[in-house]
J.: 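Quick one: the structure is below, and I'll ask about it shortly.
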Amino acid sequence: MLRFDSDYMEGAHPSILQRLTEINFNQNPGYGTDAYCDSAKAKIKAACAAPNAEVHFLVGGTQTNATVIGACLRSYEGVLCAETGHIACHEAGAVEVTGRKALTLPHHLGKVAAEDVKQYMETFYGDANHDHMVFPGMLYISHPTEFGTLYTKAELESLHELCAAYHIPLYLDGARMGYGLAAKGTDVTLPVIAQNCDLFYIGGTKVGALFGEALVVTNPALLPHFFTVIKQRGALMAKGWLLGLQFDTLFTDGLYEKIAAHAIELAEKLRNGFAAKGCNFYIDSPTNQQFLIVEDTKLETLRQAGISFSFWEKYDAAHTVVRFCTSWATEEASIDTLLALL
């Protein structure tokens, strides 16, 4: 079977497995207080051009989002996000379990527009009864978005300026950040993200690591005693060095960028192949996620041929929107096999 369901179908980059094997019998202090975590943090801060930032390693994206949002917001505050945002749609209410409400905004190909945030804030504070309501206390975005779209530098700057004006932090979910940074034509870099976001995380689970995310906090005052909060939320590993070593490897010699660029290269081949076959695209994505509108009968043919993909949504009675993902480990031969079956 060839699986294009998501970008976490494989294990880890061989360089990570090799280093894990090499140090397997080494003894390391626990909870991220080891030399590998220290080295990884230094490399990440250098890559972000954010020497004063704090870096924390957590086990997964959902745990990171719930832990950060729960820690940042007070009991009467909620988090603004696109109505299609991951925390609003695909995290099983993990944020709400913390007692923090997701306050949804219209989406524009998965993105949040500064104008919509401004309108929400003005409407909220213009309501004489807003003390009886859930306060908007944070803005959550993702890059890439759920639709594989990307923010521009100007869009991030506008959102950052607006959040600063209302004294709320801007938090960026970077589960697939590597693929966003490697996309052709983007003007968003890690330093750009660090300059415009109060908090963001660099995804490892979907970009070459066995598991783990690196949270970068450019405004550490937002998360006092965060180590303790991470432990409370069950997102702290006793063997924290497992996370540190993985990110130390990914941020050595540009490995993170190189393997993400591989996924983008094959996604482009996939997109061009789909276009040549006359396939209809649901959205134009420059990243490793490609969305197609496919006849249901054709989908069944692909399934029977051993091709796996993700359901996205029903398009009409006879067609479905499906997602095909490439990853850091996708092989070109797999793309050729898929295209031959269309």
Side-chain angles (χ1 to χ4, degrees), residues 1-18 47 109-110 142-153 173-193 202-210 214 246-247 249-292 294 302 306-310 312 321-342:
M1 174 174 280
L2 296 178
R3 305 200 70 111
F4 295 91
D5 311 48
S6 191
D7 31 26
Y8 49 71
M9 310 303 291
E10 298 90 1
H13 190 274
S15 296
I16 289 176
L17 296 179
Q18 179 180 344
L109 300 179
S142 58
H143 183 85
T145 70
E146 294 296 284
F147 288 86
T149 53
L150 299 172
Y151 287 90
T152 64
K153 181 174 181 283
D173 179 328
R176 292 187 169 94
M177 184 182 290
Y179 305 126
L181 297 174
K184 303 296 174 61
T186 181
D187 60 354
V188 172
T189 62
L190 266 177
V192 166
I193 291 172
I202 300 168
T205 301
K206 296 177 180 177
V207 194
L210 281 170
Q246 292 186 80
F247 277 95
T249 305
L250 289 172
F251 277 80
T252 297
D253 297 330
L255 180 61
Y256 192 72
E257 292 84 356
K258 291 174 185 175
I259 63 176
H262 169 80
I264 296 301
E265 179 182 345
L266 291 189
E268 287 185 339
K269 177 172 182 174
L270 191 60
R271 180 168 62 247
N272 293 336
F274 283 150
K277 295 282 187 175
C279 296
N280 295 314
F281 291 87
Y282 181 61
I283 195 169
D284 183 21
S285 165
T287 64
N288 69 314
Q289 302 179 81
Q290 298 299 311
F291 300 86
L292 295 182
V294 185
L302 289 174
I307 303 297
S308 183
F309 43 83
S310 291
W312 200 249
V321 179
V322 294
R323 183 187 71 176
F324 291 83
C325 274
T326 58
S327 81
W328 60 273
T330 301
E331 296 180 352
E332 190 166 6
S334 299
I335 303 293
D336 294 334
T337 299
L338 168 60
L339 292 176
L341 290 169
L342 290 174

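Since the structure is predicted, the reported quantities are computational estimates derived from the model, not experimental observations.
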J.: Is the count of non-hydrogen atoms from other residues, nucleotides or ligands lying under 6.0 Å from Lys269 atom NZ greater than 12?
T.: yes

J.: Show the numbers, then the answer: is there a side-chain contact (heavy atoms from CB on, under 4.5 Å) between Thr330 and Asn288?
T.: CA-CA 11 Å; Thr330 301; Asn288 69 314; over 6 Å; no

J.: What distance separates Ile335 CD1 from Glu268 CD, expressed to the nearest 0.5 Å?
T.: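 Rounded to the nearest 0.5 Å, the CD1-CD separation comes out at 11.5 Å.
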
J.: Under the side chain to side chain donor-acceptor pair (under 3.5 Å) definition, can you give me all pairs with a residue in residues 250-262, not counting sequence neighbours?
T.: Lys43-Thr252

J.: Is it the case that over 12 heavy atoms from other parts of the model lie below 6.0 angstrom from the OH atom of Tyr8?
T.: no

J.: Quick one: does Thr287's side chain have a donor or acceptor within less than 3.5 Å of a partner on Gly148's backbone?
T.: yes

J.: Taking the side chain from Asp7 and the backbone from Lys206, do they hold a donor-acceptor pair closer than 3.5 Å?
T.: no

J.: Sequence neighbours excluded and cut-off under 3.5 Å, please list the side-chain donor-acceptor pairs for residues 322-329, or say none.
T.:
{"residue": "Arg323", "atom": "NH1", "partner": "Gln289", "partner atom": "OE1", "Å": "2.8"}
{"residue": "Arg323", "atom": "NH2", "partner": "Asp5", "partner atom": "O", "Å": "2.9"}
{"residue": "Thr326", "atom": "OG1", "partner": "Ala263", "partner atom": "O", "Å": "2.8"}
{"residue": "Ser327", "atom": "OG", "partner": "Glu10", "partner atom": "OE1", "Å": "3.0"}
{"residue": "Ser327", "atom": "OG", "partner": "Ala329", "partner atom": "N", "Å": "3.0"}

J.: What is the distance from atom CG of Leu17 to atom CD of Gln246, rounded to the nearest 0.5 Å?
T.: 8.5 Å

J.: Which value, rounded to the nearest 0.5 Å, describes the distance between Phe274 atom CZ and Phe291 atom CZ?
T.: 11.5 Å

J.: Taking it one step at a time, do Val188 and Leu150 satisfy side-chain contact (heavy atoms from CB on, under 4.5 Å)?
T.: CA-CA 9 Å; Val188 172; Leu150 299 172; over 6 Å; no

J.: What's the separation between atom CG in Leu341 and atom CG in Leu302, rounded to the nearest 0.5 Å?
T.: 6.5 Å

J.: Nearest 0.5 Å, what's the OH-OG1 distance between Tyr179 and Thr186?
T.: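 Tyr179 atom OH to Thr186 atom OG1 measures 16.0 Å (nearest 0.5 Å).
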
J.: Starting from the C-alpha separation in whole Å, work towards a yes-or-no answer on side-chain contact (heavy atoms from CB on, under 4.5 Å) for Val207 and Leu250.
T.: CA-CA 9 Å; Val207 194; Leu250 289 172; over 6 Å; no

J.: With heavy-atom distances below 4.5 Å as the criterion, would you say the side chains of Phe4 and Gln290 are in contact?
T.: no

J.: Measure across Met1 and Ser308 and return the closest heavy-atom pair with its distance rounded to 0.1 Å.
T.: SD-CB, 4.0 Å

J.: Assess the residue pair Leu255 and Thr249 against the criterion (side-chain contact (heavy atoms from CB on, under 4.5 Å)); give the C-alpha distance rounded to whole Å, side-chain angles, the decisive distance to 0.1 Å, and a yes or no.
T.: CA-CA 7 Å; Leu255 180 61; Thr249 305; 4.0 Å; yes

J.: Quick check for you: to the nearest 0.5 Å, what is the distance between Ser142 atom OG and Tyr151 atom OH?
T.: 6.5 Å

